[in-house]
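Report on the following structure.
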Amino acid sequence: MINIKEDKSLNILNHSCAHLMAQAIKRLYPEAKFWVGPVIDTGFYYDVDLGEKAIKEEDLPNVEREMKKISKDGKRIIREEVSKKEALEMFKDDEYKIDLINNMEEDSDITCYRQGEFVDLCRGPHVDTVKQIKNFKLLKVSGAYFKGDSKNKVMQRIYGVCFETPEDLTTYLDFLEEAKKRDHKKLGKELGLFMMSEYGPGFPFFLNNGMILRNELENFWYDEHTKEGYEFIKTPIMLNKDLWELSGHWYNYRENMYTSEIDEKTFAIKPMNCPGGMLVYKNSLHSYKDLPLRVGELGLVHRHEASGALNGLFRVRTFTQDDAHIFMMPSQIEQEVVRLIDFIDRMYSVFGLTYNIELSTRPEAKFIGNIEIWDKAEKVLADACHKAGRDCKINPGDGAFYGPKLDFHIKDSLGRVWQCGTIQLDMNLPERFDLTYVDSDGIKKRPVMLHRVIYGSIERFIGILIEHYAGAFPTWLAPVQVNVIPVNCNYHLEYASEVYNYLKENGIRTELDEREEKLGYKLRESVTKKIPISIIIGDKEKEEDLVSYRRYGSDKTYSVSKTMFVELLKNEIKDKRSKSKDSE
RNA sequence: GCCGAAAUAGCUCAACUGGUAGAGCAACUGACUUGUAAUCAGUAGGUUGUGGGUUCAAGUCCUAUUUUCGGCACCA
């Protein structure tokens, strides 16, 4: 996927296109007033105030037509420098531009760009003439708060995108189409993975196929974590309010927490697993010899997210974090983080996901602890990142109030980026819960704690995988791995059943299609359901004691013995391979 | 929560300015006995998200509400 903001010439072109759009809107809606029209990763937008009127989705073609007209006219785009006073005079009827100008420094050079009758306050640069702005598309309209503050009024935001060639535009629009086809909400329904209900907005129901996928992910997670020396716990969903006061959540996260009253006591459903994890740590005495102590929990949390934030499996109100808390001596942080980065790398590579790491540092205002410790902690994370052979981009001020963190941004098969894994240093909870370990000198000392997730949330990760694989999961994850299709049920059902039972006995998730339909019909359904392997059983297979199979997405057929087929498949599943090895 | 759009059969969708809901797929029944992406025929399936209202008449208009979608804000 392209990033328009980071491509210099595309950036300029898109910004000029935003001006062109504004000019067209001004022609069609003379009362329109404009706020800002920046370039974003996926194109540009412009925030517009149309007073009582509104531009609707169906009006966009009209605006596009006007834009084409202006583009054809081919006016030059002229840069003008004005003083602040002149600028205020020029835009005296436009409270938005006045707001912008007033926020500029007294002696700064203010530039405007003029094209025909339209002039806009802008830093530039722009393309030379509007003629160069040809291959664009307006994509959507939405509301957006003035200055991004939910206390302010809502303006209309109109999104578009522009390219240098018509081919590039088509490619991008095709990409959007492809992304739409992969929508996990659509595929989740079609493939019987999960459902939603009006009775539980934001609370997904997992169906049988979704559960198989989910269990595979969880099993994989447990296996890998066991190898990494983790131990596992399960802490309660609901705990007394007093605990949340102690952890600080009651004050910092109260409005997103579900609560329940019973026996005149308040209980809160956990929005995070850490406080429960703290109690487990405190349950026993810890020696420095036992550190780092790695404690994992697939923890079900509930968070009351704003209704408008909900989005399929990507944003839900209940989800399972693949959480773990690691308790260490301060001297162990770097080594442990390096180890974690390697671990996360191994987990992601199984799915064919690449990623970038970002370091989020101390927030400007709201943070606990002293700055020295923060600086040190940030340095440890950055060093660990480099030691692990990875670059990390700094994300200033984006850390949690209790510590800095490394965020893993994964890239899917369409090049889209998702935030999943995170490693967070916590300088708060060990203090609040008075955690200790006994050091070699017999003195109780404060451990350092790390929170970390790899999938992030299993629900969200499943959503990402659905879109990443377009619903065609690799064999190890596929709800149904093999579909056995007899060519003619009267003659081939017996041998087909034999093959089916043999696969079942070998732990392969298999279906037998014994309906009396034509092969083409049953095969089509196999493909529609995105089953990785379809086995066809007819006279030839029956006589020679073979299975013939083809894979999803290919029309090549291979014939092998039953035993060879099972061997091949078992290895493929064991290795969690995405690509098949059929050629031999 | 805010702005905008939408909700019709299990699924995907249709029904012009209000005139009393229809198709394909799926399901079921029967015929066909099938070799690599849809065999044919028939049957059944709906208080049009929910509650009010306007009207002789509402899927269609008004209103409230729920949910979903696209954004915004949020996501320590």
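The chains referred to below are lettered A, B, ... by the order of the sequence lines, with proteins before strands, and numbering in each begins at 1.
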Separation of B:rC75 atom C1' from A:His249 atom NE2, nearest Å, is 14 Å
A:Lys180 meets the side-chain contact (heavy atoms from CB on, under 4.5 Å) criterion, sequence neighbours left out, with A:Glu177
With B for base contact, S for sugar-phosphate-only contact and - for none (protein heavy atoms under 4.0 Å), nucleotides 35-47 of chain B reads BBBBB--------
Hits for side-chain contact (heavy atoms from CB on, under 4.5 Å) against A:Thr235, two or more places apart or cross-chain, chain-then-number order -> A:Ile233, A:Lys270, A:Val280, A:Glu297
Applying salt bridge (Lys or Arg N to Asp or Glu O under 4.0 Å) to A:Asp539 and not counting sequence neighbours gives none
Those residues at least two apart in sequence (or on a different chain) that pass side-chain contact (heavy atoms from CB on, under 4.5 Å) with A:Pro486 are A:Cys489, A:His492, A:Leu493, A:Ala496, A:Leu512, A:Lys522
query = If we take the C1' atom in both B:rU12 and B:rA7, what is their distance in whole Å?
reply = 14 Å
Check your understanding: Base, sugar-phosphate, or nothing: which does A:Gly148 touch, judged by heavy atoms less than 4.0 Å apart?
Key -> sugar-phosphate
- For A:Tyr45, which contact category applies under a 4.0 Å heavy-atom criterion: base, sugar-phosphate, or nothing? nothing
A:Asp407 atom CG is separated from B:rC75 atom P, nearest whole Å, by 14 Å
Pair up each side-chain donor or acceptor in residues 524-537 of chain A with any protein partner under 3.5 Å, not counting sequence neighbours, and list the distances.
from: A:Glu525; atom 1: OE2; to: A:Arg515; atom 2: NH2; distance (Å): 2.9
from: A:Ser526; atom 1: OG; to: A:Asn483; atom 2: ND2; distance (Å): 2.8
from: A:Ser526; atom 1: OG; to: A:Ser534; atom 2: OG; distance (Å): 2.8
from: A:Thr528; atom 1: OG1; to: A:Arg524; atom 2: O; distance (Å): 2.6
from: A:Lys530; atom 1: NZ; to: A:Ala470; atom 2: O; distance (Å): 3.3
from: A:Lys530; atom 1: NZ; to: A:Tyr552; atom 2: OH; distance (Å): 3.4

Ignoring hydrogens and geometry beyond distance, is the side chain of A:Arg303 in donor-acceptor contact with the base of B:rC74 at under 3.5 Å? no
Listed range with range, the stems formed with RNA chain B by at least 3 consecutive Watson-Crick or G-U pairs (under 3.5 Å) are B:1-7 with B:66-72, B:10-13 with B:22-25, B:27-31 with B:39-43, B:49-53 with B:61-65
Contacts satisfying salt bridge (Lys or Arg N to Asp or Glu O under 4.0 Å) that involve residues 543-552 of chain A (not counting sequence neighbours) are A:Arg551-A:Glu572, A:Arg551-A:Asp582
- [ ] Would you please classify the geometry between the A:Tyr348 ring and the A:Phe408 ring as parallel, tilted or perpendicular, with 30° and 60° separating the classes?
- [x] perpendicular
| request: Could you check whether A:Leu310 gets within reach of a base, just the sugar-phosphate, or nothing at all, counting any heavy atom under 4.0 Å? | output: sugar-phosphate
Contacts of A:Ser150 and A:Tyr491 projected onto RNA chain B by closest heavy atom; the upstream (5') one is A:Tyr491
**Q.** Pairing of A:Arg446 and A:Glu431 as salt bridge, 4.0 angstrom limit
**A.** yes
- Taking atom P in both B:rU48 and B:rG30, compute the distance separating them and give it to the nearest angstrom. 33 Å
In whole angstroms, the gap separating P of B:rU29 from CZ of A:Arg515 amounts to 13 Å
Next item on the list: Can you tell me, in whole Å, how much space there is between the C1' of B:rA23 and that of B:rA5?
Entry: 26 Å
Can you give the donor-acceptor pairs under 3.5 Å from side chains of residues 320-327 of chain A to other protein atoms, not counting sequence neighbours?
from: A:Thr320; atom 1: OG1; to: A:Arg214; atom 2: NH2; distance (Å): 2.8
from: A:Thr320; atom 1: OG1; to: A:Glu459; atom 2: OE2; distance (Å): 3.4
from: A:Gln321; atom 1: OE1; to: A:Asn273; atom 2: ND2; distance (Å): 3.1
from: A:Asp322; atom 1: OD1; to: A:Ile454; atom 2: N; distance (Å): 3.4
from: A:Asp322; atom 1: OD1; to: A:Tyr455; atom 2: N; distance (Å): 3.2
from: A:Asp322; atom 1: OD1; to: A:Gly456; atom 2: N; distance (Å): 2.9
from: A:Asp322; atom 1: OD2; to: A:Trp221; atom 2: NE1; distance (Å): 3.0
from: A:Asp322; atom 1: OD2; to: A:Ile454; atom 2: N; distance (Å): 2.9
from: A:Asp322; atom 1: OD2; to: A:Tyr455; atom 2: N; distance (Å): 2.7
from: A:Asp323; atom 1: OD2; to: A:Asn273; atom 2: ND2; distance (Å): 2.9
from: A:His325; atom 1: NE2; to: A:His451; atom 2: ND1; distance (Å): 3.3

### Message
Using the C1' atom as the point on both nucleotides, what is the distance between B:rG59 and B:rA37, in whole Å?
### Response
36 Å
A correct 5'-to-3' footprint of nucleotides 2-10 of chain B, with B, S and - meaning base, sugar-phosphate only and no protein heavy atom under 4.0 Å, is BB-S-----
A:Asp99 meets the salt bridge (Lys or Arg N to Asp or Glu O under 4.0 Å) criterion, sequence neighbours left out, with A:Lys147
Taken to the nearest whole Å, OH/A:Tyr159 to P/B:rC69 is 17 Å
- Query: OP1, OP2 of B:rG70 versus side-chain N and O of A:Lys140: anything below 4.0 Å?
  - Reply: no
In whole angstroms, the gap separating P of B:rG70 from NZ of A:Lys186 amounts to 14 Å
The side-chain contact (heavy atoms from CB on, under 4.5 Å) partners of A:Tyr491 (sequence neighbours excluded) come to A:Asn488
Any side-chain N or O of A:Lys185 below 4.0 angstrom from OP1/OP2 of B:rG70?
yes
Considering only atom P, compute the distance from B:rG71 to B:rA14 and round it to an integer number of Å.
22 Å
*Expressed as a whole number of Å, how far does the C1' atom of B:rU55 sit from that of B:rU8?*
22 Å
(message) With rounding to the closest Å, how many angstrom separate the C1' atoms on B:rA57 and B:rA31?
(response) 46 Å
Exercise. May I ask you to check whether A:Tyr46 and A:Phe34 place their ring centres under 6.0 Å from each other?
Key: yes
**OP:** Could you label the plane-to-plane angle of the A:Trp244 and A:His249 rings as parallel, tilted or perpendicular, counting under 30° as parallel and over 60° as perpendicular?
**Re:** perpendicular
To the nearest angstrom, the NZ-P distance between A:Lys522 and B:rC25 comes to 19 Å
query: Given the P atoms of B:rG24 and B:rU17, what is the spacing between them in whole Å?
result: 25 Å
Rounded to whole Å, the OH-C1' distance (A:Tyr46 to B:rC72) equals 18 Å
Separation of B:rC32 atom P from A:Asn488 atom CG, nearest Å, is 13 Å
(message) So A:Gly312, base contact, sugar-phosphate only, or nothing? Heavy-atom distance under 4.0 Å.
(response) sugar-phosphate
